[in-house]
Amino acid sequence: MRSIRIALLGLVALVAGLLTATPAAAAPNFKAPFPCGQTWTYSHHSAEVRQALDFVRTDGGATAGTPVLASSGGTAHRYSQPSGAGNYIAIDHGGGWQTYYFHLASYSVADGASVSQGQQIGVTGSTGNSSGAHIHYEQLYNGVGQTIAINGQSLAPYPGSYYSKYLTSDNGCGGGGGGKYWADTFADATGYAAAGTGDAQGVLNAGTNYVYCKVWGAQAGSGSSYNHWWLKTDLDTVYAGKNGRGAYVSAYYLSRWGNDEARDNNGTVIPDC
């Protein structure tokens with residue numbers, strides 16, 4: 001009887017422990033680490049210590065120089081490991097969850113900055129131990145690498161090489177709704193038929209304006225103030241014989257952002273056209 005009593009007490013203690021154990025924090029709804037509408041292929045190298053994936057762009061745009069976006073909101077920390085990860089950012093999402101973004105060409109946020117989902121945190125590059133531009137991406141829970149899930153869907157089983165699996169991003173697609181992104185401009189801006197100054201179509205008035213998307217093109221501005229992004233929008237004033245709908249205005253005129261940045265007033269990265 002004594003042995004049965006001891007066994008029962010042990011069982012009660014075990015059940016009590018299970019009931020009082022701290023449950024694992026639910027993962028954030030992670031999104032792809034690259035801009036809305038872009039499609040990238042991914043692969044996993046067997047030599048990776050954690051459950052990392054490498055992404056390269058496959059929709060016709062260049063991998064190098066593409067913005068790297070926060071998969072979810074949190075606190076961003078900047079690091080540099082020239083012999084390995086290169087320039088990289090780790091975002092602490094709370095609840096034990098982190099994401100890593102390796103081999104950045106440059107950082108877009110300060111160390112310790114609070115970032116929102118879809119915010120640009122860096123620029124894709126090939127710093128550190130890297131054979132070419134790509135995004136090395138990880139999701140970790142309490143420091144342990146996890147199988148990567150995007151929008152709650154696991155990307156496993158991982159392919160061992162590129163061009164067998166693909167991912168199209170919906171990160172940063174929120175904008176102002178209806179496919180429009182609202183952004184303030186500090187001066188009247190000439191709009192052109194393409195991402196350059198070859199064919200003026202009219203003028204976009206200074207103030208709060210909507211834009212649809214962005215393309216990379218000719219540099220506007222110079223010195224310490226410049227931008228290569230051009231924003232597709234509808235103009236307020238149209239020149240005779242020209243078309244003011246779907247014209248391009250330089251992101252140089254955005255009030256709130258710096259060189260080679262193109263975001264709306266909420267900080268959302270404006271998607272590529």
Side-chain angles (χ1 to χ4, degrees), residues 32-38 40 55-57 59-71 76 78 80 86-89 91 101-111 113 115-127 130 132-135 169 171-176 181-192 194-198 204 206 209-233 247-273:
F34 45 87
C36 174
Q38 293 184 2
W40 295 49
F55 289 88
V56 296
R57 193 170 176 184
D59 58 8
T63 298
T66 294
V68 177
L69 308 188
S71 282
R78 291 166 39 162
S80 180
N87 301 324
Y88 74 98
I89 281 182
I91 300 179
Y101 313 76
F102 287 5
H103 309 303
L104 304 175
S106 61
Y107 307 107
S108 300
V109 293
D111 185 51
V115 298
S116 57
Q117 186 175 69
Q119 181 174 340
Q120 181 173 338
I121 57 172
V123 175
T124 304
S126 187
T127 58
S130 171
H134 67 284
I135 300 173
S169 175
N171 199 357
C173 292
Y181 295 75
W182 295 93
D184 293 340
T185 53
F186 64 81
D188 292 350
T190 301
Y192 298 90
T197 58
L204 182 72
N209 295 286
Y210 63 80
V211 301
Y212 298 111
C213 55
K214 71 181 188 302
V215 297
W216 190 262
Q219 177 176 313
S222 61
S224 61
S225 182
Y226 61 89
N227 212 303
H228 287 87
W229 289 113
W230 290 76
L231 309 174
K232 186 175 183 179
T233 187
Y248 291 89
V249 170
S250 173
Y252 169 85
Y253 291 96
L254 290 175
S255 300
R256 305 185 183 198
W257 308 109
N259 300 333
D260 286 347
E261 288 186 291
R263 308 185 203 176
D264 69 8
N265 288 343
N266 294 320
T268 300
V269 176
I270 296 167
D272 288 5
C273 298

Is it true that a side-chain atom of [X] and a backbone atom of [Y] form a donor plus acceptor pair closer than 3.5 Å?
X	Y	result
Thr127	Ala105	no
Trp257	Gly267	no
Lys214	Ile270	yes
Asn171	Gly118	yes
Asp188	Ala206	yes
Ser255	Asp184	yes

Gap between atom [atom2] of [Y] and atom [atom1] of [X] - 0.5 Å precision:
X	Y	atom1	atom2	answer
Tyr252	Trp230	OH	CH2	11.5 Å
Ile121	Leu69	CD1	CG	7.5 Å
Thr197	Tyr192	OG1	OH	5.5 Å
Tyr248	Cys213	OH	SG	5.5 Å
Ser71	Phe34	OG	CZ	9.0 Å
Tyr226	Asn259	OH	CG	4.5 Å

Answer yes or no: is there a side-chain heavy-atom contact under 4.5 Å between [X] and [Y]?
X	Y	answer
Pro271	Tyr181	yes
Val123	Ser108	yes
Arg256	Arg263	no
Tyr88	Tyr101	no

Heavy-atom pair with the smallest gap, counting every atom of [X] and [Y]:
X	Y	result
Ser250	Ala220	OG-CB, 3.1 Å
Arg78	Ile89	CG-CG1, 4.1 Å
Val211	Leu231	CG1-CB, 3.9 Å
Val269	Gln120	CG2-N, 3.7 Å
Ser116	Ala70	O-CB, 3.6 Å
His134	Val56	CB-CG1, 3.7 Å

Which label fits Trp216 and His228: parallel for a plane angle under 30°, tilted from 30 to 60°, or perpendicular past 60°?
parallel
List the steps and the verdict of side-chain contact (heavy atoms from CB on, under 4.5 Å) for Leu254 and Glu261.
CA-CA 9 Å; Leu254 290 175; Glu261 288 186 291; over 6 Å; no
With a 6.0 Å cut-off on ring centres, are Tyr253 and Phe186 close enough?
yes
Using the side chain to side chain contact (heavy atoms under 4.5 Å, CB included) rule, pick out the option among Ile135, Ile91, Thr124 that qualifies with Pro33.
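Option passing the side chain to side chain contact (heavy atoms under 4.5 Å, CB included) with Pro33: Ile135.
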